[in-house]
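Reading through the structure tokens given below for one structure.
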Amino acid sequence: MTIKTGDKLPGGTLWEFIEDETPGCTIGPNAFKVEDLVRGKRIAILALPGAFTPTCSGKHLPGFVQKAAEFQKKKVDEIWCLSVNDAFVMGAWGKEQGAKGKVRMMADGGGLYTKALGMEFDLVQKGLGMRSQRYSMLVDNGVVKSLNLDQPGKFEVSDADTLLKQA
């Protein structure tokens with residue numbers, strides 16, 4: 001079953017590479033429960049097939065990094081970039097993209113959360129394995145308020161400007 005507008009996000013675990021140790025977070029990959037992170041917050045989520053890939057690196061993630069302050073003005077508490085990559089890859093990609101303090105780089109290394117959302121994308125024949133479809137969504141207190149799903153191979157509706165208009 002694919003997640004849709006009006007649905008509550010499923011529970012699950014995402015991983016984030018933490019560069020600076022803080023109380024409760026060690027340096028390196030840290031596990032976070034989605035249901036805890038979304039409670040009482042408005043979150044913009046962009047999901048994409050893979051870190052360091054051409055469209056994801058050249059267009060999708062940069063738009064959200066550049067527009068982070070505009071999302072904040074619209075009372076969006078956090079922006080997450082979700083991908084079926086491990087936390088080390090997501091951390092390195094976020095560093096390369098200047099995402100620190102703007103976009104949380106959330107790893108779904110085994111694709112379990114992506115599968116729970118019904119958003120898996122089979123790219124095995126292209127040597128990339130199981131990945132995520134490209135989409136963006138606005139979540140308010142764990143409920144999907146808007147969802148923008150691109151067709152395979154396209155980048156037309158999941159961009160930062162489209163989600164900003166919906167925030």
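On a predicted model such as this, the values are computed, not experimentally measured, just so you know. The first residue in the sequence is number 1, and the count goes up from there.
Counted within 6.0 Å of CD on E19, heavy atoms from surrounding residues, nucleotides or ligands total more than 12; the atom is thus considered enclosed.
At distances below 3.5 Å, not a single donor-acceptor pair connects side-chain atoms of D77 with backbone N or O atoms of I43.
Using a 4.5 Å cut-off between side-chain heavy atoms of Ile, Leu, Val, Met, Phe, Trp and Tyr, with links allowed through other members, V139 and L14 fall into the same hydrophobic cluster. Cluster membership for W80 and Y135, using ILVMFWY side-chain heavy atoms within less than 4.5 angstrom, is shared. Linking ILVMFWY residues whenever their side-chain heavy atoms come closer than 4.5 Å, directly or via other members, leaves V65 and L82 in distinct clusters.
Residues M105 and F17 fail the side-chain proximity criterion, which asks for heavy atoms closer than 4.5 Å. F64 has its side chain within reach of L163: a pair of non-hydrogen atoms, C-beta onward, lies under 4.5 Å apart. Residues V144 and K4 form no side-chain contact, since every pair of their non-hydrogen atoms from C-beta on lies 4.5 Å or further apart. F52 has its side chain within reach of V89: a pair of non-hydrogen atoms, C-beta onward, lies under 4.5 Å apart.
Between the CG atom in L9 and the CD1 atom in I45 there is a gap of 5.5 Å [rounded to 0.5 Å]. From I27, atom CD1 reaches atom CG of D20 across 7.0 Å, with rounding to the nearest 0.5 Å. Rounding to the nearest 0.5 Å places CH2 of W93 at 4.5 Å from CG of L61. Here L138 contributes atom CG and K165 contributes atom NZ; the two are 15.0 Å apart, rounded to the nearest 0.5 Å.
Nearest heavy-atom pair across L149 and Q133 is CD1-OE1, 3.4 Å.
Salt bridge absent: K59 and D159 never bring a charged side-chain N and a carboxylate O closer than 4.0 Å.
Of the N and O atoms on the side chains of T162 and N148, not one donor lies less than 3.5 Å from an acceptor on the other residue. For the residue pair T13 / K33, a side-chain donor-acceptor distance below 3.5 Å is found, with atom types taken as modelled.
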Please lay out, stage by stage, how L48 and C81 fare under the test side chain to side chain contact (heavy atoms under 4.5 Å, CB included). CA-CA 8 Å; L48 35 80; C81 178; 4.0 Å; yes

